[in-house]
Amino acid sequence: MSNSDLQNRRARQLLVQYPRAAPLAIFLLITAITALSIFAIERGEWQREQAGLSETAQAVGSALERRGNTSSAYLRAGAALFGTVDAVPGPLFRRFISELRLDSDYRGAEGIGWAIALKPRDVSRYEAALSEVTASRRAVHPKPAANAKLVVPVTFLQPDTERNRRAIGFDMYSEPVRREAMDEAIHSVRPTASGKVVLAQEGSKPEPGFLIYMPVFEGGISGRKLRGFVYSPFNAQDFLISAMELETPGDMGVRLYDGAPGKENLLAELAPAQRTGRIVRNQVNIANHPMVLEVESARGAGLSTLSMLTLLFGLLVASLLMVVVRLLTQQAAEDQASLEWLEEQNSIRDTLTRELNHRVKNTLANVLSIVNLTRRRATDIDDFADGLDGRIRALSATHDLLTSSDWSTTPLGAVMQAELAPYARSEASIELEGPHVELAPNDALSLGLAVHELATNAAKYGALSTPEGKVRLTWALEKENLASIEWVESGGPPVPDQRSRGFGTDLIEKIVAHELRHPVRLEFAREGVRCRLLVPVRRPSEFEIRARKRAERRQTGRRRKSPASR
């Protein structure tokens, strides 16, 4: 046998020994490969998505910075103009705004304003002048503290709307966040954005915003005497929406923070289609003030289309291969069962031949014994022929029962009925009673002979020879492996005290007792013959050929496996 044949045989044996392991292993292997493929696909998708998020974050950040730079450019122009004049009257400021030609589009800002820088002692004079200009009583608010060094109230704010008028007179230097931005603008002499504040014109709505300040010095940027600030207030949400006009983030989410990301620092937000937690952060610089931009992916936690196709294809392939391997396993098991069945049939054929020889010899031995005993007791040839014929027929009747049961177990009651059927004159003449008991073939043959002899004797001399006679035949299980049978005759002629010993007595007490391996108690009472027999009740595995062969194979298999188990 070649190595390939040995390998194929070992593979078939493994399939037969572990019929479920191979299909399951194939399914798990393909599933694992599919999972790794999906992991690789999803990782690539996330990398591509992260690159897209980073690109979007850079584009949005650039748009925000451009909006801030545009507003800063207007503020620089205003600072250059107002630094060259002695004062900034209302007509000059409005003319400046008009020349910018913004046409109500302030690039996301609430407008452009002018805030004069005052000493606290000049506040009263400023309020009087402001009231004349606005034709209404205007006061600086909040009222400057006694130790205040500088007061920067809002003087003009364009466009002139009801919303913006709320901010007129507000001292921006009194608020710490605005003051910090103005001080930084003075120091750097460049447009500077504040941190997160609520604009004065917001009123009762706490919407966050910020401002960009550009200091105005007397004599221009080279001067060092502060005249005031040109500034732009921004509603943060409007500013973000205005910047998004330059970019299209799609379903992504965009958030702008003043400092570290957190709810308390959130300036504005465009919510994503769904929150996923997959974010990219970039730092942006708006008018000399660092802010954090956060872009969130709108793609959910579900698998991508390619991953779903890979998953479905992998599960389909795994299922198909599992079915194929299962079919191969079943085929291997069927082939193995066929081989075992053929081996069993060969073994049974050999055993059956030996068993047949044994049973034929036993039957012939019984026939020879019957012939010899019949010859000794016969008075003439007719008596010999009649006795031999009846006993051979008894054997034949029991053989018919055994043949119909394929020489397996035979019901005890069936043996009784077959042997007593020729002698039953009516249903009342013979009474049979007992549980269902199965007998081995040899035991059934011996019992059949005994019942035949008892019935023949009863028909000639006993209870079955008269119309009033009756035979009661009962049986019961004494033990799990032993049945007792009682033969009782009544109503027949009295049994004589002096009688000759016949062949039936010898057959029952010698041959039947020997075959059944239990003594027979035979009593010739005056009122009728009584007989008690004990018949062994054996399990089929003790006498059936196939059962014995299977037991032998199991025993052999255990012996083969025992060294490996040890």
Side-chain angles (χ1 to χ4, degrees), residues 363 366-402 410 412-432 439 443-475 485-496 498-516 520-533 535:
T363 302
N366 287 335
V367 171
L368 289 174
S369 298
I370 293 171
V371 170
N372 289 330
L373 290 174
T374 305
R375 179 176 56 82
R376 293 175 188 174
R377 298 293 191 271
T379 57
D380 52 35
I381 191 65
D382 292 332
D383 185 29
F384 172 77
D386 292 339
L388 186 61
D389 179 76
R391 290 172 181 118
I392 296 300
R393 287 182 184 277
L395 280 176
S396 176
T398 308
H399 267 269
D400 289 340
L401 287 176
L402 295 176
T410 303
L412 188 150
V415 176
M416 302 296 188
Q417 291 176 355
E419 297 296 341
L420 294 174
Y423 306 98
R425 299 185 306 274
S426 64
E427 294 182 0
S429 62
I430 298 177
E431 182 181 350
L432 301 177
L439 299 179
D443 300 332
L445 284 173
S446 300
L447 179 62
L449 278 175
V451 173
H452 171 75
E453 292 300 326
L454 290 171
T456 301
N457 184 70
K460 286 182 178 181
Y461 315 109
L464 298 180
S465 64
T466 62
E468 298 81 10
K470 183 178 179 180
V471 173
R472 176 178 173 79
L473 188 56
T474 59
W475 61 91
I485 301 172
E486 297 283 346
W487 173 283
V488 179
E489 297 181 23
S490 61
V495 178
Q498 300 296 326
R499 57 179 180 79
S500 61
R501 186 177 181 85
F503 167 72
T505 304
D506 291 339
L507 179 66
I508 294 173
E509 292 183 344
K510 294 181 180 179
I511 298 178
V512 173
H514 173 74
E515 291 293 331
L516 296 180
V520 177
R521 190 178 68 191
L522 187 60
E523 299 178 0
F524 293 93
R526 187 167 183 78
E527 61 273 13
V529 177
R530 294 173 177 269
C531 182
R532 175 181 169 83
L533 299 96
V535 182

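The residues of the chain are indexed from 1 along the displayed sequence. For clarity, every value in this text was computed on a predicted model and none was experimentally measured.
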Identify the two heavy atoms, one from [X] and one from [Y], that lie closest to each other, and give their separation to 0.1 Å.
{"X": "A450", "Y": "L533", "value": "CB-CD2, 3.8 Å"}
{"X": "P493", "Y": "G462", "value": "CD-O, 3.3 Å"}
{"X": "L464", "Y": "A455", "value": "CD1-O, 4.2 Å"}
{"X": "C531", "Y": "V520", "value": "SG-CG1, 3.7 Å"}
{"X": "A444", "Y": "T410", "value": "CB-CB, 4.5 Å"}

Check whether any side-chain heavy atom of Y461 sits under 4.5 Å from a side-chain heavy atom of V495, and report yes or no.
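No, their side chains stay 4.5 Å or more apart.
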
Check: L473 and L454 side chains under 4.5 Å, non-hydrogen atoms:
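Contact flag for L454/L473 side chains = no.
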
Does E527 have any side-chain contact (heavy atoms from CB on, under 4.5 Å) partners at least two apart in sequence or in another chain, and if so, which?
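If we apply the side-chain contact (heavy atoms from CB on, under 4.5 Å) test to E527, skipping adjacent residues, the hits are A525, R530.
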
Go through the structure and list residues passing side-chain contact (heavy atoms from CB on, under 4.5 Å) with S490, not counting sequence neighbours.
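K470.
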
Evaluation steps, side-chain contact (heavy atoms from CB on, under 4.5 Å), between I485 and M416:
CA-CA 11 Å; I485 301 172; M416 302 296 188; 3.6 Å; yes

Rounded to the nearest 0.5 Å, how far apart are CD of E489 and CD1 of I430?
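Answer for the CD-CD1 pair, E489 versus I430, is 10.0 Å.
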
For the CD atom of E453 and the CD atom of E419, what is their distance to the nearest 0.5 Å?
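That separation rounds to 10.0 Å.
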
Taking S446 for the side chain and D443 for the main chain, is one N or O donor matched with an acceptor at less than 3.5 Å?
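Answer holds: no.
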
Could you check W487 against L522 for side-chain contact (heavy atoms from CB on, under 4.5 Å), going step by step and ending with a plain yes or no?
CA-CA 9 Å; W487 173 283; L522 187 60; over 6 Å; no

